[in-house]
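Structure, as structure tokens:
Order of appearance sets the numbers: ligands from 1, and atoms from 1 within every ligand. This is a predicted model, so every value here is computed, not measured.
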Amino acid sequence: MGKQLFFLLCLFLLCFFSSHPASARRYNALFNFGDSLSDTGNVVLAGLPYGMTYFGHHTGRCSDGRLVIDFIAEGIGLPHLPPSTANNTSFLRGANFAFIAAPALPFDFFHQRGLSHGLHVNASLHEQIDRFQKLLPSICGSPQDCKDFLRKSLLVVGEFGGNDYNTGLFGGWSVTKVTSFVPHVTRVVADGIERLIGLGAVDLIVPSVLPVGCFPLYLTLSESSDSAEYGPRTGCLRRFNALAWYHNAALRRELGQLRSKYPAVSIRYADFYAQLFDFVVDPLKYGFKAGALRTCCGAPGMGKYNFNLEAKCDQNGSTVCSDISTHVSWDGIHMTETAHRIIARGWLSGPYVNPPILSTPAS
Ligand SMILES: *[C@@H]1O[C@H](CO)[C@@H](O)[C@H](O)[C@H]1NC(C)=O
Ligand SMILES: *[C@@H]1O[C@H](CO)[C@@H](O)[C@H](O)[C@H]1NC(C)=O
Ligand SMILES: *[C@@H]1O[C@H](CO)[C@@H](O)[C@H](O)[C@H]1NC(C)=O
Ligand SMILES: *[C@@H]1O[C@H](CO)[C@@H](O)[C@H](O)[C@H]1NC(C)=O
């Protein structure tokens, strides 16, 4: 009797574990909205060495390899996301609406402020959601069927904001003046999330913006002899990080309000900022022997940060470092595959998404 029970238990466990991956898949699809941090091919600008580590060719991704969204897709058992503009592709397991250089805010916001010449694409958050809405019937049919479908989908909304602030900063506005964009940006992100909820989304991840004051691009262009400009522990430019911090605080407030309004919807903040900050404060903990402030692919040996606007990665005699995985920064603005893998782990298993993505019970 005992033996039989033991046998049955083993059989049960065997069945359970062998069928586990399929039956317990948490999500049927993954949809992403964003900018160059997550574009997987809607805009293809550069060539190799972009893509060299993983794909062997340039895919449009702004990195040497996979992005955070690729590792999220892998982590939840879904394929890498096809770009929404892909031809002849099935979007049944998801699609990616992110565009390199996409701002959150629409063209008119910048136009009214004399800054629209700094915009490179018309792919604001609402335009990305327009594309999503247009694509939905081909994926899931009627609005009601799509609600059923999206009940089992994960949506990642962002990071958004980086390009809104860049458009002001590169248009010659001061950080203080650009800070006035923050409530507009976080409001439009909240509006976008409400639209997605209206379409049926019930599980959303909303990443923060990054501490761009730690990026070689800003560190080089705004280099200063005044040590008070720099964080003592990080060597990052404080005023840029303060802008990012202020955005993230406003974003968290918006998300808090949305959670009260939609208690049945899961809206999780992904703390991109805190993870990047930790890379900078304690790079060796992650194997980043080159530190976090030096570009891998860039001007050979230029300055402290190995960054030169006239020899950006893949241009004008730029070179790739010999050990990419010891660097956080790939090209001075975007990160290496290694950094992306670590960030994704913090979202999948914690602590930078709470509760972590993989803790979500299977439905
Ligand atoms: C899809 O086809 C169109 C027209 O041929 C082309 O312009 C576009 O670049 C293609 N999309 C992708 C992602 O390759
Ligand atoms: C689209 O895919 C089908 C089936 O795989 C193929 O026969 C067709 O040639 C493809 N069309 C284009 C434009 O790539
Ligand atoms: C974006 O749209 C505006 C207004 O509709 C237009 O003037 C502008 O040229 C477009 N920009 C790009 C990059 O397509
Ligand atoms: C390449 O370098 C030259 C000389 O420094 C510079 O004038 C030019 O703008 C650079 N080109 C690019 C694409 O950065």
Heavy atom of the protein closest to atom 2 (O) of ligand 4 (residue, atom name, distance):
Asn316 ND2, 2.2 Å
To which protein heavy atom is atom 7 (O) of ligand 3 closest, and what is the distance rounded to 0.1 Å?
Phe107 CZ, 3.7 Å
Among all protein heavy atoms, pick out the one at the shortest distance from atom 14 (O) of ligand 4; state its residue, atom name and that distance to 0.1 Å.
Glu310 O, 3.0 Å
Atom CG of Leu276 and atom CE of Met335: how far apart are they, to the nearest 0.5 Å?
5.0 Å
Arg113 side-chain N/O to Phe109 backbone N/O, donor-acceptor pair under 3.5 Å
yes
Using only atom types and a distance under 3.5 Å, with no angle test, would you say the side chain of Ser325 pairs donor to acceptor with the backbone of Thr338?
no
Cys pair Cys236/Cys214: SG distance under 2.5 Å?
yes
Keeping the roles fixed (side chain from Tyr27, backbone from Gly77), state whether a donor-acceptor pair exists under 3.5 Å.
no
Heavy atoms only, cut-off 4.0 Å: how does His120 contact ligand 3, side chain, backbone, both, or neither?
backbone
Heavy atoms only, cut-off 4.0 Å: how does Gln315 contact ligand 4, side chain, backbone, both, or neither?
side chain
Indicate whether the side chain of Asp64 and that of Thr336 have a donor and an acceptor atom separated by less than 3.5 Å.
no
Measure from atom 10 (C) of ligand 3 to every heavy atom in Asn122, Asp108, Leu119 and give the option owning the shortest one.
Asn122
Any protein heavy atom under 4.0 Å from atom 5 (O) of ligand 3?
no
